[in-house]
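In this chain, residues are counted from 1 in sequence order. Just so we're clear, the structure is a prediction, and the values are computed from it rather than from any experiment.
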Amino acid sequence: EDRDLREEIWKDAQRTHPGLHFFTEKTCQVLERILFIYAKLNPGVRYVQGMNEILAPISFVLDCRKDEQSEADTFFCFCNLMAEIRDMYIK
């Protein structure tokens with residue numbers, strides 16, 4: 001189950017703004033980790049296609065690749081934003 005979820009997220013993470021140099025494989029790995037942890041912590045929402053597009057500008061602004069702290073900050077901001085808009089993602 002976790003493997004399928006990771007694969008689904010990874011496919012979307014790789015499709016995130018491929019024309020921008022910021023979204024390298026390393027950035028996609030960060031996106032995948034954040035989205036996977038979010039999905040596991042929020043079983044009522046899980047992962048829905050398009051969440052990577054919500055996470056992308058947050059990760060860009062906070063430059064989630066810099067260090068673990070910026071990745072944690074990116075996760076925190078994403079979770080807070082999703083708390084406001086999650087109803088759009090609940091089936």
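Separation of atoms CZ (Arg6) and NZ (Lys11) is listed at 15.0 Å; rounding is to 0.5 Å. Between the OG1 atom in Thr27 and the CD atom in Gln14 there is a gap of 12.5 Å [rounded to 0.5 Å]. Annotation: the span from Leu35 atom CG to Leu55 atom CG amounts to 5.0 Å, rounded to 0.5 Å. Going from atom SG of Cys77 over to atom CG of Leu62 covers 5.0 Å, rounded to the nearest 0.5 Å. Here the NE2-CG distance, from His17 to Leu31, works out to 9.5 Å after rounding to the nearest 0.5 Å. Rounded to the nearest 0.5 angstrom, Met51 CE and Asp12 CG are separated by 10.5 Å.
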Using the rule given for side chain to side chain contact (heavy atoms under 4.5 Å, CB included), can you reason through Glu7 versus Glu32, listing the C-alpha separation, both sets of side-chain angles and the distance that settles it, and then say yes or no? CA-CA 9 Å; Glu7 286 177 12; Glu32 188 239 359; over 6 Å; no
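In Glu53, the CD atom is crowded: over 12 heavy atoms of neighbouring residues, nucleotides or ligands sit closer than 6.0 Å.
Inspection of the Ser70 and Asp63 side chains reveals no N or O donor paired with an N or O acceptor under 3.5 Å. A donor atom on one side chain and an acceptor atom on the other are found under 3.5 Å apart for Gln69 and Asp73.
Counting heavy atoms from C-beta on, the side chains of Trp10 and Cys28 come closer than 4.5 Å. Here the side chains of Ile85 and Ile54 are in contact, with some heavy-atom distance below 4.5 Å. Looking at Ile58 and Leu81, their side chains come closer than 4.5 Å, going by heavy atoms from C-beta outward.
What you find for Ser59 and Ala56 is that their closest heavy atoms are OG-O, 2.8 Å.
Here ring pair (Phe, Tyr, Trp, His ring centres under 6.0 Å) pairs that include residues 41-79, with residues two or more places apart or in two chains, are Phe22-Phe60, Tyr38-Phe78.
A salt bridge is absent between Lys26 and Glu71: the closest approach of a Lys/Arg side-chain nitrogen to an acidic carboxylate oxygen does not fall below 4.0 angstrom.
Every residue was checked against the salt bridge (charged side-chain N to carboxylate O under 4.0 Å, His left out) condition with Arg86, not counting sequence neighbours, and none meets it. By the side-chain contact (heavy atoms from CB on, under 4.5 Å) test, Asp2 pairs with Phe36, Lys40, sequence neighbours left out.
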